[in-house]
Amino acid sequence: MTVEGTDSCDLLCLDLPVAEEIRSRVSKTPDLEAAATAAKALADPTRLSIAVALAEGGELCVCDLAWVVGQAQNLVSHHVRLLRTAGLAASRRDGRLVMYSLTDQGRHLLHVLTEAMKSSSTVSR
């Protein structure tokens, strides 16, 4: 392989038995779409900061989240709804307030992401 601006092999060198074995395992993974959706939900800086705030605060309403992340309530409401749709956040009504918290999946994915970033910054120093 060359380093001159290309990310593909110069020569086709398929190891068919290995490639077919891996392909059969990857193709049978039904959760790939859900995993991609969840990862995509945390790919936005505003949603990521909302998730971090929920991890720190446990359960917060949109008003509190908007204050914490420094964004407008309607924008935060939109983003928290996307986190909920992706299965990373849950909501419950408390009188006139809607309280949000991370789901177990949301906490786990956020933990994995933040730990990976810590490892990445440690390695690059």
> Is it true that Val98 and Val80 fall in one hydrophobic cluster, defined by side-chain heavy atoms closer than 4.5 Å?
Replying inline: yes
> Leu88 and Leu42: which non-hydrogen atoms are nearest, and at how many Å?
Replying inline: CD1-CG, 3.8 Å
>> With clusters defined by side-chain heavy atoms of hydrophobic residues (ILVMFWY) lying less than 4.5 Å apart, directly or transitively, does Leu109 cluster with Leu82?
In response: no
>> With heavy-atom distances below 4.5 Å as the criterion, would you say the side chains of Leu110 and Val52 are in contact?
In response: yes
> Closest approach of Ser101 and Gly58, non-hydrogen atoms and distance?
Replying inline: CB-O, 3.2 Å
>> By the definition side chain to side chain donor-acceptor pair (under 3.5 Å), identify the one residue from Arg47, Arg84, Gln71 that meets it with His79.
In response: Arg47
> About how many Å separate CG of Asp94 and SG of Cys61, when rounded to the nearest 0.5 Å?
Replying inline: 9.5 Å
>> Rounded to the nearest 0.5 Å, what separates atom CG in Leu16 from atom CD in Glu21?
In response: 11.5 Å
>> Test of understanding: clusters of I, L, V, M, F, W, Y form through side-chain heavy atoms closer than 4.5 Å, transitively. Do Met99 and Val76 belong to the same one?
In response: no
>> What's the separation between atom OG1 in Thr46 and atom CG in Leu65, rounded to the nearest 0.5 Å?
In response: 12.0 Å
> Would you find a donor on one side and an acceptor on the other, under 3.5 Å apart, between the side chain of Ser49 and the backbone of Val69?
Replying inline: no
> Who pairs with Val68 by side chain to side chain contact (heavy atoms under 4.5 Å, CB included), at least two apart in sequence or on another chain?
Replying inline: Ala53
>> I want to check something: taking the side chain as every heavy atom from C-beta on, are Gln105 and His108 in contact at a cut-off of under 4.5 Å?
In response: no
>> Using 0.5 Å steps for rounding, measure from the OG atom of Ser91 to the CG atom of Leu83.
In response: 11.5 Å
> If you look at every heavy atom in Ala66 and Ala72, which pair is closest and at what distance?
Replying inline: CB-C, 4.2 Å
> Donor-acceptor pair, Thr37 side chain versus Glu33 backbone, under 3.5 Å?
Replying inline: yes
> How many angstroms lie between CD1 in Ile50 and CG in Leu102, if you round to the nearest 0.5 Å?
Replying inline: 10.5 Å
